[in-house]
Amino acid sequence: MRIYNTLTGSKQIFKPIEEGKVRMYVCGPTVYNLIHIGNARPMIIFDTVRRYFEYKGYEVNYVSNFTDVDDKIIKKANEEGVSSEEISTRYIAECKKDMEGLNVRPATTHPLATEEMGEIIDLIQVLMDKGYAYKVEDGTVYYRTRKFSTYGKLSGKNIDDLEGGHRAILVAGEDQKEDPLDFVLWKPKKEGEPYWESPWCDGRPGWHIECSAMSRRYLGKTLDIHAGGEDLIFPHHENEIAQSEAANDATFSNYWMHNGFLNIDNKKMSKSLGNFFTVRDIANEYDLQVLRFFMLSAHYRSPLNFSRELMDAASNALERIITAADNLRFLISKSEVEALKDDEKENLSKVSDFVKKYEEAMEDDFNTADGISAIFEIVKLANQTASGESSKAYLKEVLETIEKLCDVLGIFTEKQVAEGAISEEEILAKIEERAEAKKAKDFARADAIRDELLAAGVEIKDTREGVKWTRV
């Protein structure tokens with residue numbers, strides 16, 4: 001398995017720290033609003049990476065945090081006249097709903113910054129003791145950026161060319177920095193803000209130190225993989241490396257994975273341009289499985305352009321997979337042939353070749369686009385070879401292969417039943433009632449039952465093999 005490592009700028013063979021296990025940390029969202037589709041991309045991508053490792057038999061310790069103390073959260077709380085905790089708790093719950101809708105599995109651990117203050121303070125103290133951090137008069141603690149000699153190794157930035165203040169939050173005492181490049185580890189409290197006691201002052205942590213502390217607690221001093229959006233490479237991940245490696249005297253992460261940006265109709269997503277979409281906005285127009293499929297239809301490191309036309313194309317492509325799987329299920333229910341035929345054995349050999357092609361794509365830096373192409377090869381073969389004369393064994397093997405490969409991508413091979421929708425048992429009972437009506441030549445009743453099912457979101461078709469039904 002080869003992974004493109006941002007740190008080295010090249011694909012490298014993956015070698016875990018511990019045989020058969022993967023320690024993986026993915027930076028999660030700051031929870032002050034509903035997540036947008038840009039947030040969704042890394043969630044979907046790295047959930048898929050995790051799923052593939054598990055498909056290959058690895059045990060994955062997958063940690064993804066929620067930043068639940070931040071200026072944006074405090075601003076939102078003040079606007080609503082509620083506590084920061086109420087805002088963060090609300091939007092963590094909403095984020096989890098969207099993750100469920102996107103079929104993103106919960107992390108092994110979802111740590112919260114507010115619940116890790118002891119770990120954060122301990123880590124800052126280690127940096128103070130080693131001379132990598134210093135306190136100024138008002139209690140602010142800064143990191144001595146230039147003291148970390150390899151600063152810039154992830155982003156490729158030259159420290160002498162950098163300017164201070166990159167996403168470091170300006171606070172009182174900023175002018176007391178020893179160097180403009182130094183960044184905040186701890187800052188003093190302000191009126192109306194949450195704060196915690198520390199050896200330096202009552203206050204709260206800087207953004208970068210939170211992930212260093214949480215990853216160390218739940219995954220150890222060295223990670224196999226650290227991942228996130230491309231926008232986090234500098235300064236966030238660069239600063240994490242500086243903090244963690246200075247404190248721990250160990251490599252922070254062996255592999256760094258970053259997904260590319262998401263654009264909207266070839267423009268950067270922004271509220272000012274009116275092209276800002278939350279996951280909920282998209283859920284009003286499309287099944288979120290379509291959004292997931294769309295996100296995986298391009299290589300994760302490539303920029304991805306979102307448009308209604310591309311989403312419609314993704315919807316149609318996904319429908320082809322679901323239709324093929326539905327047809328296989330239907331044929332299995334009707335087949336009276338148990339044993340594999342000779343030509344079916346030959347076809348299953350082709351299926352095995354497509355599975356190999358799928359795995360080769362996924363193991364070449366998680367090329368989900370080529371992986372999906374391999375699934376469509378199996379779908380095409382199924383459509384050409386599966387019939388009412390096929391054996392159950394053949395049909396089941398093809399279906400299970402499609403289901404297994406789609407599951408790695410987090411893609412369902414059958415339409416999800418909405419709450420309150422007509423059940424399969426009720427559908428089959430209606431189909432049976434319609435058959436009885438036709439037998440009795442009560443065609444008006446038979447047509448009425450078809451219309452009833454269609455109104456309930458179920459389309460039926462009469463075929464040589466019997467009545468097929470699909471949810472629409």
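Computed from a predicted structure; not experimentally measured.
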Hey, are the side chains of Thr368 and Ser297 touching, using non-hydrogen atoms and a 4.5 Å cut-off?
-> no
Do the charged groups of Lys75 and Glu79 touch, with an N to O distance under 4.0 Å?
-> yes
May I ask you to decide if Asp370's main-chain N or O and Asn367's side chain share a donor-acceptor pair within less than 3.5 Å?
-> yes
Modelled atom types, side-chain donor and acceptor of Thr108 and Arg23, under 3.5 Å = no
Positive for side-chain hydrogen bond (donor to acceptor under 3.5 Å, both in side chains) with His258, one of Arg301, His237, Glu230 | His237
Test Glu245 against Thr251 for side chain to side chain contact (heavy atoms under 4.5 Å, CB included), laying out the working first.
-> CA-CA 6 Å; Glu245 296 191 356; Thr251 298; 4.2 Å; yes
Apply side chain to side chain contact (heavy atoms under 4.5 Å, CB included) to Lys76 and Glu86, showing your working.
-> CA-CA 10 Å; Lys76 180 87 168 178; Glu86 186 171 330; over 6 Å; no
With a 4.5 Å limit on heavy-atom distance, are the side chains of Glu414 and Asp326 in contact?
-> yes
Minimal heavy-atom distance between Pro111 and Ser64, with the atoms involved, is CD-O, 3.6 Å
Go through Tyr218 and Tyr62 one step at a time and tell me if the ring pair (Phe, Tyr, Trp, His ring centres under 6.0 Å) criterion holds.
-> CA-CA 9 Å; Tyr218 293 101; Tyr62 187 91; over 10 Å; no
Which of parallel (below 30°), tilted (30 to 60°) and perpendicular (above 60°) describes Phe277 and Phe306?
-> tilted
Using a 4.5 Å cut-off on heavy atoms from C-beta on, say whether the side chain of Val26 contacts that of Val63.
-> no
Neighbour count >12 (heavy atoms, 6.0 Å) for atom CD, Glu197 | no
Are any non-hydrogen side-chain atoms of Thr401 and Glu397 less than 4.5 angstrom apart?
-> yes
Looking at Phe252 versus His226, is the centre-to-centre ring distance below 6.0 Å?
-> yes
May I ask you to decide if the ring planes of Tyr255 and Phe14 are parallel, tilted or perpendicular, using 30° and 60° as cut-offs?
-> tilted
Which heavy atom in Arg280 sits nearest to a heavy atom in Lys97, and how many Å separate them?
-> NH2-CB, 3.6 Å
Measure centre to centre between the rings of Tyr4 and Tyr300, then say whether the value is under 6.0 Å.
-> no
Between Arg204 and Glu193, does at least one N-O distance fall below 4.0 Å, as a salt bridge requires?
-> yes
Any chance you could lay out the side chain to side chain donor-acceptor pair (under 3.5 Å) test for Thr140 and Trp186, step after step, and finish with the verdict?
-> CA-CA 6 Å; Thr140 303; Trp186 189 268; over 6 Å; no
Go through the steps for Tyr142 and Tyr132 under the test ring pair (Phe, Tyr, Trp, His ring centres under 6.0 Å), then give the verdict.
-> CA-CA 8 Å; Tyr142 291 102; Tyr132 281 95; over 10 Å; no
Give a yes or no on whether a salt bridge exists between Asp179 and Arg144, defined as a side-chain N under 4.0 angstrom from a carboxylate O.
-> no
Could you tell me whether Gln12 atom CD has more than 12 heavy atoms of other residues or ligands within 6.0 Å of it?
-> yes
Val141 to Ala133 - nearest heavy-atom pair and separation | CG1-CB, 4.0 Å
Decide if atom NZ of Lys11 counts as having more than 12 heavy atoms of other residues, nucleotides or ligands within a radius under 6.0 Å.
-> yes
Does CD in Glu59 sit with more than 12 non-hydrogen atoms of other residues, nucleotides or ligands closer than 6.0 Å?
-> no
Trace of the salt bridge (Lys or Arg N to Asp or Glu O under 4.0 Å) decision for Glu116 with Arg217 = CA-CA 9 Å; Glu116 306 294 337; Arg217 176 175 179 189; 2.7 Å; yes
On a heavy-atom basis, the closest approach of Phe261 and Asp231 is CE2-CB, 3.7 Å
Cut-off 3.5 Å, side chains only: do Ser212 and Ser244 have a donor facing an acceptor?
-> yes
pair Ile332-Leu399: side-chain heavy atoms closer than 4.5 Å | yes
Smallest separation among heavy atoms of Ile321 and Phe376, with atom names = CG1-CE2, 3.7 Å
For Pro205 against Met117, the heavy-atom pair lying closest together | CD-CE, 3.4 Å
Flag the pair Ile372 / Leu409 as yes when at least one side-chain heavy-atom distance between them is below 4.5 Å, and no otherwise.
-> yes
With the threshold set at 4.0 Å, does a side-chain nitrogen-carboxylate oxygen contact exist between Arg90 and Glu85?
-> no
Going by distance alone, is a donor N or O of one side chain under 3.5 Å from an acceptor N or O of the other, for Thr48 and Arg292?
-> yes
Short N-O contact, Arg51 and Asp47, less than 4.0 angstrom | yes
Could you walk me through whether Glu360 and Asp364 pass the side chain to side chain contact (heavy atoms under 4.5 Å, CB included) test, one step at a time?
-> CA-CA 6 Å; Glu360 285 172 352; Asp364 183 15; over 6 Å; no
Is Arg2 paired with Asp365 through a side-chain N to carboxylate O contact shorter than 4.0 Å?
-> no
Is the gap between the ring centers of Phe148 and Tyr151 under 6.0 Å?
-> no
Assess whether side chain to side chain contact (heavy atoms under 4.5 Å, CB included) is satisfied between Lys267 and Asn263, documenting all intermediate values.
-> CA-CA 5 Å; Lys267 294 177 183 176; Asn263 295 317; 6.0 Å; no
Give a yes or no on whether Lys396 atom NZ has more than 12 heavy-atom contacts from other residues, nucleotides or ligands under 6.0 Å away.
-> no
Tested for side-chain contact (heavy atoms from CB on, under 4.5 Å) against Val290, the lone hit among Leu318, Asp312, Ile282 is Leu318
Lys56, NZ atom: more than 12 neighbouring heavy atoms under 6.0 Å | yes
If we only count heavy atoms from C-beta on, is the Met99 to Pro106 side-chain gap below 4.5 Å?
-> no
Hey, is CD on Glu285 packed in by over 12 heavy atoms from elsewhere, all under 6.0 Å?
-> yes
Pairing of Glu400 and Lys404 as salt bridge, 4.0 angstrom limit = no
Heavy-atom side-chain proximity of Glu319 to Phe293 below 4.5 angstrom = no
Would one find more than 12 heavy atoms of other residues, nucleotides or ligands at under 6.0 Å from atom NZ of Lys130?
-> yes
Please report the C-alpha distance between Tyr91 and Asp68 in whole Å, then the side-chain angles of each, then the deciding distance to 0.1 Å, and finally whether the side chain to side chain donor-acceptor pair (under 3.5 Å) criterion is met.
-> CA-CA 9 Å; Tyr91 287 110; Asp68 65 337; over 6 Å; no
Consider only side-chain N and O atoms of Glu359 and Tyr52, and report whether a donor and an acceptor are under 3.5 Å apart.
-> no
For side chain to side chain donor-acceptor pair (under 3.5 Å), just list the numbers for Gln125 and Asp129, CA-CA rounded to whole Å, side-chain angles, deciding distance to a tenth of an Å, and then say yes or no.
-> CA-CA 6 Å; Gln125 188 61 59; Asp129 295 343; 2.9 Å; yes
Are the charged groups of Lys350 and Glu377 less than 4.0 angstrom apart, N to O?
-> no
Step-by-step side chain to side chain donor-acceptor pair (under 3.5 Å) determination, Arg216 to Asn248 = CA-CA 9 Å; Arg216 184 174 77 163; Asn248 301 329; 3.0 Å; yes
